[in-house]
Amino acid sequence: MEEVPHDCPGVGSAQAGRGASCQGCPNQGLCASGAGAAPDPAIEEIKEKMKTVKHKILVLSGKGGVGKSTFSAHLAHGLAEDENTQVALLDIDICGPSIPKIMGLEGEQVHQSGSGWSPVFLEDNLGVMSVGFLLSSPDDAVIWRGPKKNGMIKQFLRDVDWGEVDYLIVDTPPGTSDEHLSAVQYLAAAHIDGAVIITTPQEVSLQDVRKEISFCHKVKLPVIGVVENMSGFICPKCQKETQIFPPTTGGAEVMCHDLKVPLLGKVPLDPRIGKSCDKGQSFLVEAPDSPATLAYRSIIQRIQEFCSLRQPKGENLVGS
Amino acid sequence: MEAAAEPGNLAGVRHIILVLSGKGGVGKSTISTELALALRHAGKKVGILDVDLCGPSIPRMLQVQGKAVHQCDSGWVPVFVDQEQSISLMSVGFLLEKPDEAVVWRGPKKNALIKQFVSDVAWGQLDYLVVDTPPGTSDEHMAVVDTLRPYSPLGALVVTTPQAVSVGDVRRELTFCKKVGLRVIGVVENMSGFVCPHCAECTNVFSRGGGEELARHAGVPFLGSVPLDPELTRSLEEGRDFIRGFPESPAFPALSCIAQKILNEAPVGLS
């Protein structure tokens, strides 16, 4: 492992590019020139921009395919059902931007105005932004390396004219890499309320989710709680329950207990969820009596309660 | 950093297969593991390279999590998952001191490790090397394709689930393959229906038809649909050999078919 500089002194440190462990790192020249040491002016610009945004929530998971985008979309739908609540949904999954489809906004275009980029509005009180809106064809691949993805995320946070917003929900790709670091870094001065972490019951997911929780602790991001998705399946014919993704190590419940983070709720598998997402409809409206809808609503309420306990901007904030 | 220090390390590998998807959570690691097991059952020597640096799932699936990785003159020695040494595995999972430790790296650092993984693992003689990837079309994918290019990989298995949201991402992955000149062996549709164990009713939990449609649209072969089977999930959780243990499972025919396709396309003589 000696050749890989995992003892990176940090791009902002005095040793950046100069340390022994920097030898051979592709960024060595950049760090040594001092370019990495100065704080990015975008951070202040984003802090200014975010002054009109009351609450910021990141939706994370270490694991792919657990329902982050599905949850982000329905959190947005749920909050926006109150027409007095202004909701913004930002999709920073650059390679796999699912939000436009799930929100029924495929093919929409982003417009520029004097005050920046306009998000695409699903409702008067629900605005959405995604790299998906910038691609001309559904087959276009975004084959970008980290730095370019970071640049896009910076633009999304700095240049989108969200207006006055009560809740900004940021949907992320799976993993703990560029996108996650950038989101946290660029929003550092603007104070993120916290992260909602999505998992499914089986250990192969929990294994990655524990890493994500560890990432949150590392970057001092509060964890609002964990949502266990795809938690049991009720057969529509015989109504018997099966665990399609068995919680062989106790599921999210045991993990949350061990790591002392709240379990916000469990959402069962309902085939209508996938269908609603494919059609770009709100599942909460399409299947109001589903146990999954009830679970979502309860979780959304808990998130709102958590956010209302956070001091609004401008008052004395507990250090983040 | 040493560049391609050991070109000989892949010289003994007959065929390289990448398992890709634009979408997360569709079953890349599952399909990679099951393919390796199926090829092993056909008498082949298989290696698995797990380049998902943020979410290395495969060590646990084969019950070798926590094993130490040793060095030899030619580089890192992969971990053998069985007594007969017919399946070997390299994953960043083995290099983590604590399993819950997050690998929080940006692109350039990930690229560097992947290049090492590809060049510096002493695979020895292998019939097949299965390369499991994370979701997306970014640093890891570019690094893997670039570094493997001199070894002419057989191609890519592209995994999707049936619903449109998955297919939407996987279409982009197929574009990636075209752009980087990686042949698509075929599309696999995973999580394709669930048969209730109580009443045998089949429910399309994640919709239906997307995989086949996608393959048709992209002009690539459709290799089959693998249904949801909790026994398959459980086997992976508990490190059991699903191929050996569950030949009656509804998932078995599809998985065997995929393996057979690889064996037919890229036959290897008596090892």
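Both backbone and side-chain heavy atoms feed into the values below; hydrogens, waters and symmetry mates do not.
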Which atoms form the tightest heavy-atom contact between B:Gly107 and A:Asp178, and what is the distance? N-OD2, 2.9 Å

Whatever's closer than 4.5 Å to a heavy atom in chain B on A:Glu106 counts as neither

Minimum heavy-atom separation for A:Lys211 to B:Pro56, with atom names? CE-CD, 3.9 Å

Side chain, backbone, both or neither: which part of B:Asn111 has an atom under 4.5 Å from a heavy atom of chain A? side chain

Select one option (side chain, backbone, both, neither) describing which atoms of A:Val66 are under 4.5 Å from chain B's heavy atoms. neither

Which is it for B:Leu228 and A:Phe233 under the side chain to side chain contact (heavy atoms under 4.5 Å, CB included) test, yes or no, and what are the steps along the way? CA-CA 12 Å; B:Leu228 277 164; A:Phe233 171 71; over 6 Å; no

Looking at A:Leu135, A:Val209, A:Ile213, which makes the most heavy-atom pairs under 4.5 Å with chain B? A:Leu135

Which portion of A:Pro173 sits near chain B, non-hydrogen atoms under 4.5 angstrom: neither

Using every non-hydrogen atom in the two residues, find where B:Asp139 and A:Gly146 come nearest and quote the distance to one decimal. OD2-N, 2.8 Å

Roughly how far apart are B:Met191 CE and A:Met230 CE, rounded to 0.5 Å? 7.0 Å

Under 4.5 Å from a heavy atom of chain B, the part of A:Asp208 involved: side chain

Hey, does B:Arg106 have a side-chain heavy atom less than 4.5 Å from the side chain of A:Ser182? yes

If I measure from the heavy atoms of chain B, does A:Lys148 come under 4.5 Å with its side chain, its backbone, both, or neither? neither

Measuring heavy-atom distances to chain B, does A:Ile273 have an atom under 4.5 Å in its side chain, in its backbone, in both, or in neither? neither

Within the distance-only criterion (no hydrogens, no angle test), does the side chain of B:Arg172 pair as donor or acceptor with the backbone N or O of A:Asp140 below 3.5 angstrom? yes

Quick check on A:Glu253: does its CD atom have over 12 non-hydrogen neighbours (other residues, nucleotides or ligands) under 6.0 Å away? no

Tell me, side chain or backbone of B:Lys178 under 4.5 Å from chain A's heavy atoms, or both, or neither? neither

Does any backbone or side-chain atom of A:Gln239 lie under 4.5 Å from a heavy atom of chain B? Answer side chain, backbone, both or neither. neither

If one checks every heavy atom of B:Ser138 against chain A at 4.5 Å, the contacting part turns out to be both

List the steps and the verdict of side chain to side chain contact (heavy atoms under 4.5 Å, CB included) for A:Lys237 and B:Cys196. CA-CA 9 Å; A:Lys237 187 168 177 210; B:Cys196 176; over 6 Å; no

Applying a strict 4.5 Å limit to non-hydrogen atoms, the region of A:Cys235 in contact with chain B is side chain

In terms of heavy-atom contacts, does NE2 of A:His257 have more than 12 from other residues, nucleotides or ligands at under 6.0 Å? no

Chain B contact via A:Lys279 - which portion, at a heavy-atom distance below 4.5 Å: neither

In terms of heavy-atom proximity below 4.5 Å to chain A, should B:Val104 be classed as side chain, backbone, both, or neither? both

Greatest number of non-hydrogen atom pairs under 4.5 angstrom with chain A, of B:Met61, B:Glu237, B:Lys23, B:Lys28, falls to B:Glu237

Looking at A:Pro147, A:Pro97, A:Ser61, which has the largest count of heavy-atom pairs under 4.5 Å with chain B? A:Pro97

With chain B, the option among A:Ser137, A:Cys95, A:Gly67 that has the most non-hydrogen atom pairs under 4.5 Å is A:Cys95

Highest number of heavy-atom pairs under 4.5 Å with chain B among A:Lys275, A:Lys218, A:Gln243, A:Gln202 belongs to A:Gln202

Is the shortest heavy-atom distance from the side chain of B:Val205 to the side chain of A:Ile244 under 4.5 Å? yes

Minimal heavy-atom distance between A:Pro246 and B:Pro230, with the atoms involved, is CG-O, 4.1 Å

Checking heavy atoms, do the side chain of A:Asp93, its backbone, both or neither come under 4.5 Å from chain B? neither

With distance as the sole test, does A:Asp278 use its side chain to make a donor-acceptor pair with the main-chain N or O of B:Gln163 at under 3.5 Å? no

Is A:Thr242 close to B:Phe194 at the side-chain level, that is, under 4.5 Å between some pair of heavy atoms? yes

Can you say whether the rings of B:Phe206 and A:Phe245 are parallel (under 30°), tilted (30 to 60°) or perpendicular (over 60°)? tilted

So which residue, B:His141, B:Arg234, B:Met142, ends up with the most heavy-atom pairs under 4.5 Å with chain A? B:Met142

Out of B:Glu231, B:Glu140, B:Glu173, B:His217, return the one with the most heavy atom pairs under 4.5 angstrom to chain A. B:His217

Between A:Leu181 and chain B, which part of the residue has a heavy atom less than 4.5 Å away: side chain, backbone, both or neither? both

Using 0.5 Å steps for rounding, measure from the OG1 atom of B:Thr203 to the CG atom of A:Asp270. 10.5 Å

Which atoms of B:Asn204 come close to chain A, meaning under 4.5 Å heavy atom to heavy atom: side chain ones, backbone ones, both, or neither? backbone

Max heavy-atom pairs within cutoff under 4.5 Å with chain A, candidates B:Thr233, B:Thr175, B:Val165, goes to B:Val165

Among B:Gly22, B:Ala143, B:Ser57, which has the most heavy-atom pairs under 4.5 Å with chain A? B:Ser57

Pairs of heavy atoms under 4.5 Å with chain B: top-ranked of A:Lys68, A:Arg145, A:His180, A:Glu179: A:Arg145

Residue among A:Ser205, A:Pro138, A:Pro174 with most heavy-atom pairs under 4.5 Å to chain B: A:Pro138

